[in-house]
*Asks:* 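Have a look at the structure that comes next, please.
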Amino acid sequence: MMGRKKILLKGKGASAGKAEGKVKIILDPSQFDKMRKGNILVTVLPNPLFTPVVLKASAIVTDVGGSLSHAAIVARELGIPAVVDTGKATEILKDGMQIKIDGEKGVIYGE
Amino acid sequence: MESDLDKKIDKFLEIVAEIVVGGAGKQKVSGFELWPFHPIQGRLFFTKSWFTDLLSSLKQIDEKGFADQKIAFAFKAPSKIAQLLWMLDGIKQTNLSIDERLYIVERLFDLLGIWRKEIFCKDGKNLILSSKEIEELVKKTRFIDLQNKSRLKQNICILESALWMYAEMIYFSNHPFAHSFQGPYELDDKILIVRKYFDLKPPFWSFSEKLKFNEVEILEIYEKGTEIKFDFFERGLRTQEPYRDKLVGVSLKADSQVLSSANETEKILANLNEVIEEGSKYIQGLDLQDLIAKYTSYWFYALKPFYDLLGKPWRLPKEVEDNIYRHFDKINAIWQKLEEERLSVGALSMKERAENFKKVFDPRIG
């Protein structure tokens with residue numbers, strides 16, 4: 001569990017709910033192997049190629065996209081939180097960071 | 001006085017403008033990295049032939065006197081007919097007269113009206129079945145109560161997400177060619193949603209052969225009051241609120257096989273994941289010409305129901321193949337100019353963009 005938390009990033013809440021977990025930044029399919037079940041998927045904009053990693057994610061954070069984007073629709077179908085259109089999640093967040101996301105407010109917290 | 005057709009076209013243009021400006025227009029098209037071209041770029045190679053084919057098919061069908069119901073039901077779902085109307089932004093590239101354009105649009109609206117109670121999905125409702133049909137459907141269906149079945153419930157959610165992503169993988173931005181989302185239907189104290197996935201093994205994707213089913217039907221029961229909405233194109237659930245917790249019952253069929261356990265759903269999920277993995281690798285290995293050829297194939301495949309009714313074998317026109325493989329550079333050069341125009345539209349205000357899209361899609365002008 002996280003201790004004192006601060007806002008790391010803000011985006012658009014695309015699928016409500018809260019999740020906490022380790023960041024995995026996945027930019028292309030060559031990085032799929034590092035994703036573990038329960039990780040938070042952080043990417044630019046997932047496309048159907050990302051299906052295997054999306055299905056392992058406990059939440060999704062993207063740099064771009066809107067509430068009708070692929071990531072948002074899939075997250076709502078899976079019932080997991082998503083924050084989209086953060087602008088720079090793949091730059092600011094780092095692999096292994098423990099974060100908490102609020103998919104309703106569109107906020108990403110960290111220590 | 002405005003005709004009924006004019007009113008329908010105006011309504012359709014409102015819907016398109018809202019979708020393009022309010023949603024899809026703000027972001028890259030989903031699947032763009034997998035399909036590394038813009039849909040309009042891809043359509044340059046076949047729009048003219050496609051509309052010629054559509055017009056000729058509709059005319060032949062009408063000359064033969066097929067009933068509208070038979071034509072409409074030859075398409076497996078309304079989504080497949082609605083999706084054809086996405087092509088209207090290219091109708092001005094053709095030599096069709098305004099009368100011919102309006103004939104096409106009117107006939108597609110007619111066919112949609114056979115399926116839907118209200119063709120534009122007013123209030124987010126895509127209602128196909130009557131109250132009596134719903135009553136009968138509920139009576140004959142054995143729904144699984146998902147209370148205390150969290151594994152099965154989770155599998156259903158994963159399966160639906162995976163099917164949606166698979167549809168997007170094989171049909172790119174036109175994934176409603178492979179699915180239809182219908183409802184919500186009011187039951188006594190619940191609501192019913194019908195999801196159908198079809199044409200999952202189209203002949204132009206060899207990897208899809210390995211899929212052990214071609215169609216999936218999922219009937220979902222949600223708690224009363226769950227807000228679930230659909231749009232004209234049935235592109236997905238248009239709901240922002242979380243709704244998965246409110247899923248309380250389900251009935252699932254893959255082709256004609258009823259699946260009722262977590263183990264059974266895991267088996268088809270494993271098969272689907274395997275095909276998705278193989279398919280994505282295959283698609284990544286295609287060059288731009290081959291990808292555009294695939295994109296073209298499924299747009300013509302969407303017209304196959306007409307071919308079937310007319311007893312003609314479905315095929316991709318020779319001139320389209322030539323466009324892709326013999327005149328690629330010449331046609332692709334047009335895209336560079338169009339892309340500049342398209343980007344300049346992005347600088348307009350939302351209202352101006354909406355008006356611009358309405359003009360682009362309007363078959364009555366230009």
Side-chain angles (χ1 to χ4, degrees), chain A residues 11-19 26-33 35 37-38 41 43-60 62-87 102-106, chain B residues 18-20 22-36 153-173 175 181 195 228 231 235-247 269 272-277 279-284:
Chain A
K12 286 181 191 147
S15 178
K18 289 176 179 153
I26 308 279
L27 302 175
D28 61 66
S30 69
Q31 299 173 316
F32 284 0
D33 285 348
M35 186 78 183
K37 197 164 174 57
L41 171 64
T43 187
V44 179
L45 179 73
N47 62 55
L49 274 184
F50 280 62
T51 305
V53 284
V54 166
L55 298 181
K56 286 181 186 167
S58 62
I60 301 173
T62 69
D63 285 353
V64 294
S67 63
L68 299 181
S69 64
H70 180 95
I73 291 175
V74 170
R76 290 195 293 266
E77 289 282 37
L78 286 168
I80 61 172
V83 176
V84 299
D85 201 18
T86 60
D102 183 330
E104 187 172 4
K105 292 181 182 160
Chain B
E18 194 185 317
I19 289 173
V20 180
K26 285 183 185 170
Q27 66 222 5
K28 279 181 153 186
V29 177
S30 302
F32 213 95
E33 288 165 30
L34 184 57
W35 290 85
K153 184 172 172 176
Q154 176 76 356
N155 288 349
I156 298 286
C157 298
I158 292 175
L159 178 64
E160 288 185 331
S161 309
L163 282 166
W164 191 83
M165 288 190 272
Y166 176 69
E168 196 182 9
M169 187 175 89
I170 61 173
Y171 292 100
F172 188 19
S173 52
H175 42 89
F181 302 140
R195 302 208 205 201
I228 292 182
D231 69 14
R235 292 171 303 142
L237 273 61
R238 303 288 98 187
T239 308
Q240 306 282 343
E241 298 297 314
Y243 50 86
R244 283 309 200 179
D245 286 348
K246 296 169 184 169
L247 176 65
L269 251 176
L272 179 59
N273 282 335
E274 193 187 325
V275 174
I276 288 175
E277 216 157 293
S280 63
K281 279 183 196 148
Y282 178 81
I283 294 173
Q284 281 178 86

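All chains are named by letter (A, B, ...) in the order of the sequence lines, taking the proteins before the strands, and each is independently numbered beginning at 1. Values below: all heavy atoms of this structure, side chains included; hydrogens, waters and symmetry mates excluded.
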*Asks:* So which part of A:P81 gets closer than 4.5 Å to some heavy atom of chain B, the side chain, the backbone, both or neither?
*Replies:*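 The answer is neither part of A:P81.
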*Asks:* For the residue pair B:W164 and A:H70, does the interplanar ring angle fall in the parallel (under 30°), tilted (30 to 60°) or perpendicular (over 60°) class?
*Replies:*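 Judged by the thresholds at 30° and 60°, the geometry between B:W164 and A:H70 is tilted.
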*Asks:* Side chain, backbone, both or neither: which part of B:I158 has a heavy atom under 4.5 Å from chain A?
*Replies:*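 Both backbone and side chain.
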*Asks:* Could you walk me through whether B:R235 and B:E168 pass the salt bridge (Lys or Arg N to Asp or Glu O under 4.0 Å) check?
*Replies:* CA-CA 10 Å; B:R235 292 171 303 142; B:E168 196 182 9; over 6 Å; no
*Asks:* Strictly below 4.0 Å, N to O, side chains only: are B:R244 and B:E160 in salt-bridge contact?
*Replies:*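 Judged by the 4.0 Å cut-off on N to carboxylate O distance, B:R244 and B:E160 do form a salt bridge.
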*Asks:* Answer yes if the side chains of B:Y282 and B:E277 hold a donor-acceptor pair under 3.5 Å, and no otherwise.
*Replies:*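 The criterion, which ignores hydrogens and geometry beyond distance, is not satisfied for B:E277 and B:Y282.
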*Asks:* Measure B:Y243 against the heavy atoms of chain A and call it side chain, backbone, both or neither at under 4.5 Å.
*Replies:*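 The side chain, not the backbone.
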*Asks:* Against chain B, label A:V84 side chain, backbone, both or neither, depending on which of its atoms sit under 4.5 Å from a heavy atom there.
*Replies:*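 Neither part, no heavy atoms under 4.5 Å.
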